[in-house]
Protein chains: 2
Amino acid sequence: MDTQNTLTTPGEGPLYMQVRKLLTQRISNGAWPPGHLIPSEIKLAQELGVSQGTVRKAVDDLVSNNVLVRHQGKGTFVAIHDTRRALFHFFPMVGDDGQRVLPDSRALSVRRLRAKKSEAQALGLQAGARVIRIERTRDLNDQPTIVESIVLPAASFPELGKSGSEPLPNTLYELYEERYGITIHRAEEQLRAVAASARDAKLLGIEPGAPLLEITRLARTLNGTPVELRVSRCLTRAHHYQSSFV
Amino acid sequence: MDTQNTLTTPGEGPLYMQVRKLLTQRISNGAWPPGHLIPSEIKLAQELGVSQGTVRKAVDDLVSNNVLVRHQGKGTFVAIHDTRRALFHFFPMVGDDGQRVLPDSRALSVRRLRAKKSEAQALGLQAGARVIRIERTRDLNDQPTIVESIVLPAASFPELGKSGSEPLPNTLYELYEERYGITIHRAEEQLRAVAASARDAKLLGIEPGAPLLEITRLARTLNGTPVELRVSRCLTRAHHYQSSFV
DNA sequence: GAGTGGTCTAGACCACGCT
DNA sequence: GCGTGGTCTAGACCACTCT
């Protein structure tokens, strides 16, 4: 552990970026876990030998990226994946009336097997590496609406899916964070329209060939490591995918 | 015109928010059109009787919302809708290889008629108000890929669609900006999977019932006024909708 | 009252683009 | 060389939370 600050070296870019990098490291290496109260701006400034304004700029940056959360009068905390956050940040399906609904999930199977070529490539694993595959359906407003297939690197989730382990929670990202210390910070999604397979149709109670919205998501940790590949096929009769941009 | 600054009144929230609001007004009322070089931070600070840091914070905010663009050594400019910006900010369809492609558009019809109820509601118009409806198809990599229907309030686009007017350009948002002084700043989209109609199928060269990605977009100006309602039905065989979030 | 983040100021120096 | 934004500092006061 380098207890010495390395913020004195020039040529490493702006000071506040170095501070930002240092804070990011402390978060992603687990020194400051989710929910942790980090030192005050004054303390950090003294510790690092910079002004409060410089620390503030670094913190501003991380707050706008949803990595830190400020609470006036209390302090600054590492962001946490409560159900609300997971719902608002990582679940883009919304009722046609605009209401957000918490999905109900039912796991069909959890298996440990070897990655397909495309899965290994997306997750940055060796060909044939061990993965966990979760198959489940999700209800929205008590209607079966989503068929989901999730692939995780087995090495990062040691116990998951072994016989006798507890049932899967509704929001997996909370599980990743609490049980495995893995926090999802960003994700990229690809959307396509596909025809329902016989299996999709059976699970969703629709006719084969009906149009479904297919979402392929690659989720990453703070430092960019991909940790989850998820394919969701969604019925969009009473719900839709919500997106907005500036 | 109030040439007098009203930044002295307390109880109106933080100073930098008042500055931000004032800058926003000057942009959205046309005093500072797209591409305009705005006064330097120092000048603005003097003019408004605040410190440079306060102006800077307001400008920071508008830059992060893509309203202003800074160029070190040159100044700060009102953001402009060149083709590149339109493509990167407002066209989320990407080739399956990850390459962005500029679509080729062919207008089928441009008509002036009365708004349907749902259209009037979305655009905030009176029932039965006059609108312009544009129907077109768009090619991606020389393949017919998108069938699009666009509805605009006729009152805001006086000449458009009248007989003898020039052909529509590829990127409409440039036209809105250059010809009508209307700049699109944000948009909300709803995505669904739908089955191709007979018309869709004919235009795209596919069989009826094939799954299409339907994107319903409501585009707004800086001050939030909705100005365009667009429904795009996209073939997602070689392309997909790209989305990412933190 | 003590400690925290939130706002605001005044001034310094650097990096960049223009002329 | 001058004016621009980009970074950094030091210090002030306010609003909020907790004890």
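In what follows, chains carry the letters A, B, and so on, assigned in the order in which the sequence lines appear, proteins first and then strands, with residues in each chain numbered from 1.
In this structure, of dG5(C), dT9(C), dC8(D), it is dC8(D) that holds the atom nearest to the side chain of P14(A). Distances from the side chain of K43(B) to the nucleotides dT4(D), dC8(D), dC8(C) place dT4(D) closest.
Proximity of Y16(B) to the phosphate of dT7(C): a side-chain N or O atom is located under 4.0 Å from OP1 or OP2. Look at R70(A) and you'll find a side-chain N or O under 4.0 angstrom from OP1 or OP2 of dG6(C). For T54(A), a side-chain nitrogen or oxygen approaches OP1 or OP2 of dT9(D) to under 4.0 Å. Of the side-chain N and O atoms in R56(B), one or more sit less than 4.0 angstrom from OP1 or OP2 of dG6(D).
Listed by first and then second residue, the ring pair (Phe, Tyr, Trp, His ring centres under 6.0 Å) pairs involving residues 40-75 of chain B are H71(B)-F77(B) (not counting sequence neighbours).
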Determine, stepwise, if the pair H81(A) / Y176(A) fulfils ring pair (Phe, Tyr, Trp, His ring centres under 6.0 Å).
-> CA-CA 10 Å; H81(A) 266 303; Y176(A) 301 168; 9.2 Å; no
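Closest approach of T76(B) to L37(B), counting heavy atoms only: O-CD1, 3.5 Å. Among all heavy-atom pairs drawn from F90(A) and R217(A), the shortest one is O-NH2, 2.7 Å.
Of the listed residues (R26(A), Q18(A), R20(A)), just one forms a side chain to side chain contact (heavy atoms under 4.5 Å, CB included) with L22(A), and that residue is R26(A).
Put simply, CD on Q18(A) is 12 Å from P on dT7(D), counting in whole angstrom units. Atom CD in Q46(A) sits about 12 Å away from atom P in dG3(C), given to the nearest Å. Atom NZ in K57(A) sits roughly 16 Å away from atom P in dT7(C) (whole-Å rounding). Atom CZ in R20(A) sits roughly 19 Å away from atom C1' in dC8(D) (whole-Å rounding). The interatomic distance linking L15(B) (CG) with dG6(C) (C1') rounds to 13 Å, in whole Å. When the P atom of dC2(D) is taken as reference, atom CD of E41(B) falls 21 Å away, rounded to whole Å. Regarding M17(A), its CE atom lies at a distance of 13 Å from the C1' atom of dG6(D), rounded to whole Å. Atom CZ of F77(A) is separated from atom P of dT4(C) by 11 Å (rounded to the nearest Å).
With sequence neighbours excluded, the residues satisfying side chain to side chain donor-acceptor pair (under 3.5 Å) with D139(B) are R106(B).
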Which letter, B, S or -, goes with each nucleotide of nucleotides 10-17 of chain D from 5' to 3', with contact meaning a protein heavy atom under 4.0 Å?
-> -----BBS
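Defined by atom type and a distance below 3.5 Å, a donor-acceptor pair is present between the side-chain atoms of H239(B) and N141(B).
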